[in-house]
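First the structure, in the form of structure tokens, and then the observations on it.
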Amino acid sequence: MSTPIKISQAADYVGQTVTLTGWVQKRTDKGKLQFITLRDGSGLMQCVVFKQNLPEDQFTAARYITLESAVSITGNLRAEPRAPGGFELDASQFHVISRAEDPYPLAPKRDGGEHGVDFLLNHRHLWIRDPRQVAILRIRATLIKAIRDWLDGHGFTLVDTPIITPAAAEGTTTLFATEYFDEPAYLAQTGQLYNEANIYAFGRVYCFGPTFRAEKSDTRRHAMEFWMVEPEMAFTDLYENMEIIEQFVSYCVQTVLRERAAELAALGRDTSKLAQVTPPFPRLHYDEAVELLRRNGFPDFPWGEDFGAPHEDTISAQFDKPVFVHHYPREVKAFYMQPDPDRPETVLACDLIAPEGYGEIVGGSQRMHDYQTLLEAIERHRLPRAAYEWYLDLRRYGTQPHSGFGMGLERVLMWLAGLPHIREALPFPRLYRRFYP
RNA sequence: UCCUGCGUAGCUCAAUCGGCAGAGCGACCGGCUGUUAACCGGUUGGUUCCAAGUUCGAGUCUUGGCGCAGGAGCCA
């Protein structure tokens, strides 16, 4: 009798006869001895197939099996120090479930056998089987869980916001257009405005889903479809907002470091700096950030301009932790942000810039809570008032100072996993001029 | 959208001054009972991105187009 098991359960079945089903990840042909590395989604198992230990036709099938074929292998599971992972299956049965065509398009990594980015992305449906990609996406799943666990444990309620929306939320950014029967509609670029309605019912809410930007941004930090978590809190000012952000981000980082240590190690990520990510985070007023830039390579940086990638990198390079920049000039920020009552040319906004050059990972602000101020802002930005009537309504029925932020999942994942490009942070990335497969 | 670079075998790349189109890997065949990117021998492999031009002759030079990458802008 044999027991069907997953490779991850191997330690519990040493000495027993078990059956594994999976895919042929690697094969070494030694004549009468075949090494087959099997992948089943839970782990990898080296299987040894000795000619004398199984029927002739089954040995022949193993001898000529192709990479990525689906097979089932039965045999005695034993501890074997010579095998990767410390366990090995000594095959007594080998059955082909489906034979993969050959050659398999993605070659095993060897000297000079690397693939180019274009080729890999065009084969993303196969590339995703690669151990590195699996490690990254497991970290992604753990990061998502950490995000939800922390928010769920701190009084936030998940309230989903619509993906099909009737109008631009922020007006300036380009939206993906679609149609809602006979009317124009757009894919959501943020759930924030709806979150602001939901806090009146729940106090603290968050939405977490895909968002869409039709910007022709062609950089390693941009995807057209990406995931963003957006918490929103009633009766909360900018400073409480920043405290929440640093607690939240620190929990996410430490949870991933603890639960995905093996994957991070497999990626070669140096986690020494990540281990230091604990509250509080350094904070710079925009004025101070400008001064810092002027002292560090940008002597003529004008007050009032937004920061580009080189500026963010210069600021973050001064710190080992993520750094807040707050009180940005009003002109460079979204229409709904609350002006600082003492300096109305600035707004109660904060960005969080990740260390090691990974750029902005969080953007947050205190929102305008006064009806008249918001109405003037909408008119000043020439936004269609009719589309925002419901949003203005929120300032008529129980308005209060409230704040929130958005965190880009893939940006954080890039930082944690040490990814050079956002394309590896999504299972099937939608990039500028690329959405196949 | 702008700047820079690249485009040659299934993949990664060579090809001198404009002069016979090459290698490694993969795949296939053979050998090997301990491989970890196995090793050894053999076989297979081409619309040199597309179009036009210069030339006795173009992978190489010119013009246009297409595709990709890196950077910038914009943002999360």
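The sequence lines fix the lettering, A, B, ..., with proteins before strands; numbering per chain opens at 1.
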> For Gly408(A) and Arg27(A), take the nucleotide of RNA chain B holding the closest heavy atom to each; which residue's nucleotide lies nearer the 5' end?
Replying inline: Arg27(A)

> Does Asp351(A) or Gln46(A) map to a spot on RNA chain B nearer the 5' end, using the closest nucleotide for each?
Replying inline: Gln46(A)

> Is it true that the NZ or CZ of Lys333(A) lies under 6.0 Å from the centre of Tyr328(A)'s six-membered ring and within 45 degrees of the ring axis?
Replying inline: yes

Give [X] one of three labels, base, sugar-phosphate or nothing, depending on what nucleic acid heavy atoms sit under 4.0 Å from its own.
| X | result |
| --- | --- |
| Thr219(A) | base |
| Val412(A) | nothing |
| Phe119(A) | sugar-phosphate |
| Glu230(A) | nothing |
| Gln52(A) | base |
| Gly359(A) | nothing |
| Ala223(A) | base |

Distance alone, cut at 3.5 Å: any donor-acceptor contact between the side chains of [X] and [Y]?
| X | Y | answer |
| --- | --- | --- |
| Arg367(A) | Gln338(A) | no |
| Glu88(A) | Gln46(A) | yes |
| Arg260(A) | Thr142(A) | yes |
| Asp152(A) | Tyr206(A) | yes |

>> Check whether Ser316(A) reaches the backbone of Ile353(A) with its side chain - one donor and one acceptor, N or O, closer than 3.5 Å.
In response: no

Calculate the interatomic distance between [X] atom [atom1] and [N] atom [atom2]; express it in whole Å.
| X | N | atom1 | atom2 | answer |
| --- | --- | --- | --- | --- |
| His115(A) | G24(B) | NE2 | C1' | 14 Å |
| Met414(A) | C75(B) | CE | C1' | 13 Å |
| Lys32(A) | G30(B) | NZ | C1' | 13 Å |
| Phe50(A) | U35(B) | CZ | P | 11 Å |
| Asp90(A) | G34(B) | CG | P | 14 Å |
| Leu67(A) | C11(B) | CG | C1' | 14 Å |
| Leu143(A) | A76(B) | CG | P | 18 Å |
| Glu80(A) | U33(B) | CD | C1' | 13 Å |

With a 4.0 Å cut-off, would you call [X] and [Y] a salt bridge?
| X | Y | answer |
| --- | --- | --- |
| Glu356(A) | Lys273(A) | no |
| Glu424(A) | Arg132(A) | yes |
| Glu246(A) | Arg283(A) | yes |
| Glu410(A) | Arg140(A) | yes |
| Asp118(A) | Arg434(A) | yes |

Can you tell me how far [atom1] in [N] sits from the matching atom in [M], rounded to whole Å?
| N | M | atom1 | result |
| --- | --- | --- | --- |
| G45(B) | A21(B) | P | 16 Å |
| C13(B) | A72(B) | C1' | 29 Å |
| C39(B) | C32(B) | C1' | 9 Å |
| A9(B) | G59(B) | P | 14 Å |
| U47(B) | A58(B) | C1' | 16 Å |
| A15(B) | A37(B) | P | 30 Å |
| U55(B) | A14(B) | C1' | 26 Å |
| U36(B) | A27(B) | P | 16 Å |

> How are the rings of His311(A) and Phe301(A) set relative to one another: parallel (under 30°), tilted (30 to 60°) or perpendicular (over 60°)?
Replying inline: perpendicular

Is there a donor on the side chain of [X] or the base of [N] sitting less than 3.5 Å from an acceptor on the other?
| X | N | answer |
| --- | --- | --- |
| Arg221(A) | C74(B) | no |
| Asp29(A) | C32(B) | yes |
| Gln34(A) | G34(B) | no |

> Just wondering, do Phe35(A) and G34(B) stack (centres under 5.5 Å, planes under 30°)?
Replying inline: no

Restricting to nitrogen or oxygen on both sides, can you table the protein-nucleotides 66-69 of chain B pairs closer than 3.5 Å?
from, atom 1, to, atom 2, distance (Å)
C68(B), O3', Arg434(A), NH2, 3.2
A69(B), OP1, Arg434(A), NH2, 3.4

Side chain of [X] only, please: which of [options] is the nearest?
| X | options | value |
| --- | --- | --- |
| Thr28(A) | A38(B), A72(B), G34(B) | A38(B) |
| Glu312(A) | U33(B), G34(B), C75(B) | C75(B) |
| Tyr64(A) | C74(B), C29(B), U35(B) | C29(B) |
| Thr66(A) | U35(B), C75(B), C28(B) | C28(B) |
| Lys26(A) | A38(B), G34(B), A76(B) | A38(B) |
| Ser217(A) | G34(B), C28(B), G73(B) | G73(B) |
| Pro84(A) | G34(B), U36(B), A76(B) | U36(B) |

>> Looking at Arg220(A), I'd like to know whether one of its side-chain N or O atoms comes within less than 4.0 Å of OP1 or OP2 on G71(B).
In response: yes

> Using a cut-off of less than 4.0 Å, is there contact between a side-chain N or O of Lys216(A) and OP1 or OP2 of U1(B)?
Replying inline: yes

Both distances below 3.5 Å, Watson-Crick or wobble geometry, any strand: find the nucleotide opposite [N].
| N | value |
| --- | --- |
| U54(B) | none |
| U48(B) | none |
| G59(B) | none |
| A37(B) | none |
| A76(B) | none |
| C68(B) | G5(B) |
| C17(B) | none |
| A27(B) | U43(B) |

